[in-house]
Amino acid sequence: MVPWPRRAAPSSLPGPGSPEAWARRATASQTEPGLLRLDVPPEQGESATVNWQDYESEGVQAIAGSATAEELDAARVQYLGRKGDLAQALRGVRDRESGMLLNGVRSRLEAAIAERREAIEREELETLYADRSFDVTLPGEEFRRGRLHLLTQIKREIEDIFLGMGYEVYEGDEVTDTWHNFDALTTDHGHPSRSPSDTFYFSDDVLLRTHTSPDQIRLMESRQPPIYAISPGRVYRRDTPDATHSPTFLQVESLVVDRGITLADLKGAVLHFFRQLFGPEREVRMRTSYFPFTEPSVEFDVTCFLCNSEGCPVCKYSGWIEMGGAGWVDPEVFRNVGYDPEVWAGFAFGLGIERIAMLRHGLPDLRLFWDNDLRVLSQF
Ligand code: DAH
């Protein structure tokens with residue numbers, strides 16, 4: 001690129017001086033069209049006069065002739081840079097005409113640079129695409145998307161159904177004590193579930209909860225009725241893993257305490273829940289059972305959603321699938337948390353989340369959930 005030589009001030013023109021002198025010069029330049037001259041203020045003791053029309057057209061030429069971003073930048077520094085003639089002259093401007101003249105030159109040069117920069121970028125892309133070693137049809141890098149674990153999906157689905165019924169979702173502690181896990185739930189000392197061969201103990205009275213039922217106690221201890229809540233979460237039992245046993249699994253507990261609650265309310269809640277989960281045709285039945293903390297206690301079944309009760313391997317040709325335990329809250333449990341059983345009544349139920357997932361997707365083995373085999377888990 002040809003450097004732009006500074007011109008020495010012709011002796012006929014006055015050198016730089018007062019603002020009035022600058023204003024005079026600007027006026028003079030306008031009376032001579034095609035020869036727009038303005039002095040550059042002295043720098044390092046030297047004064048120069050620049051023909052701004054030539055300056056501009058040479059600048060425009062240098063810009064247009066820049067083949068690369070680097071060359072363009074060099075042209076920008078030369079014609080618009082802080083140390084360039086234009087910037088120097090602008091710094092000394094005191095009158096409107098000179099300002100307008102110089103700013104005009106500046107904005108036209110800036111526009112030329114922006115235009116050329118865009119063209120250079122476009123040209124660079126075009127050469128890149130034209131290069132045969134660049135194959136746009138090659139597959140890109142695979143972006144692996146994660147997903148929620150099937151059990152998390154089902155847990156959230158259950159939460160949504162109960163939230164829709166106005167229940168709250170409560171989260172209890174996995175590490176609890178014998179009071180919450182057994183005593184308050186009136187589980188007597190001889191009950192097999194209290195044995196260290198069935199339950200993980202940290203000490204004599206601190207343990208990993210064996211079911212979500214202690215959350216009933218924590219809920220009731222923390223507030224006064226009415227209570228409409230579910231509590232989903234992880235539970236632990238000393239079981240050797242096989243197709244249907246695991247030392248840890250998920251349950252969801254439900255507790256309702258209010259005035260005048262009966263088993264009909266329990267049945268209605270469970271029926272609505274299963275119809276949401278397994279389809280509007282589902283029916284529910286209750287069979288008598290025993291749990292220490294409910295009286296009476298029941299187990300509930302739902303009609304088989306796979307064969308519509310006609311009989312299949314999943315329902316063992318009975319048309320019904322066992323889903324969980326439930327009952328009317330034992331008055332003794334209310335007394336343990338300081339509720340008056342003459343005033344309050346309630347129901348509770350509990351069910352396994354893995355069981356719902358296995359039934360729904362025909363999964364034969366509980367261990368599939370924990371093996372972390374993406375070929376299995378990424379199907380859901
Ligand atoms: N906690 C029981 C279990 O793990 C399930 C259960 C039965 C929960 C009856 C309840 C209930 O709330 O009322 O086997």
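What you are looking at is a predicted structure, and each value in this text was computed from that prediction instead of being measured. Read the numbers this way: they start at 1 and go in the same order the structure lists the ligands and their atoms.
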> Roughly how far apart are F305 CZ and L277 CG, rounded to 0.5 Å?
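Atom-to-atom, F305:CZ and L277:CG are 8.0 Å apart.
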
> Mind jotting down which protein residues get a heavy-atom contact under 4.0 Å with ligand 1? Chain and number order, please.
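Correct list: H211, S213, Q216, R237, Q251, E253, F291, F293, T294, G325, A326, G327, A348, F349, G350.
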
> For N181, which residues count as a side chain to side chain donor-acceptor pair (under 3.5 Å) partner, sequence neighbours excluded?
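Applying side chain to side chain donor-acceptor pair (under 3.5 Å) to N181 gives T210.
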
> Under the salt bridge (charged side-chain N to carboxylate O under 4.0 Å, His left out) rule, collect the residues that match up with E332, sequence neighbours excluded.
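Here the qualifying residues are R335.
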
> Between atom OH of Y170 and atom CD of Q216, what is the distance when rounded to the nearest 0.5 Å?
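So the gap between those two atoms works out to 11.5 Å.
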
> Applying ring-ring contact (aromatic ring centres under 6.0 Å, His included), can you list everything that pairs with Y228, at least two apart in sequence or on another chain?
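ring-ring contact (aromatic ring centres under 6.0 Å, His included) check on Y228 returns Y167.
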
> Quick check: do I321 and R355 have side-chain heavy atoms less than 4.5 Å from each other?
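Counting from C-beta outward, I321 and R355 do come under 4.5 Å.
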
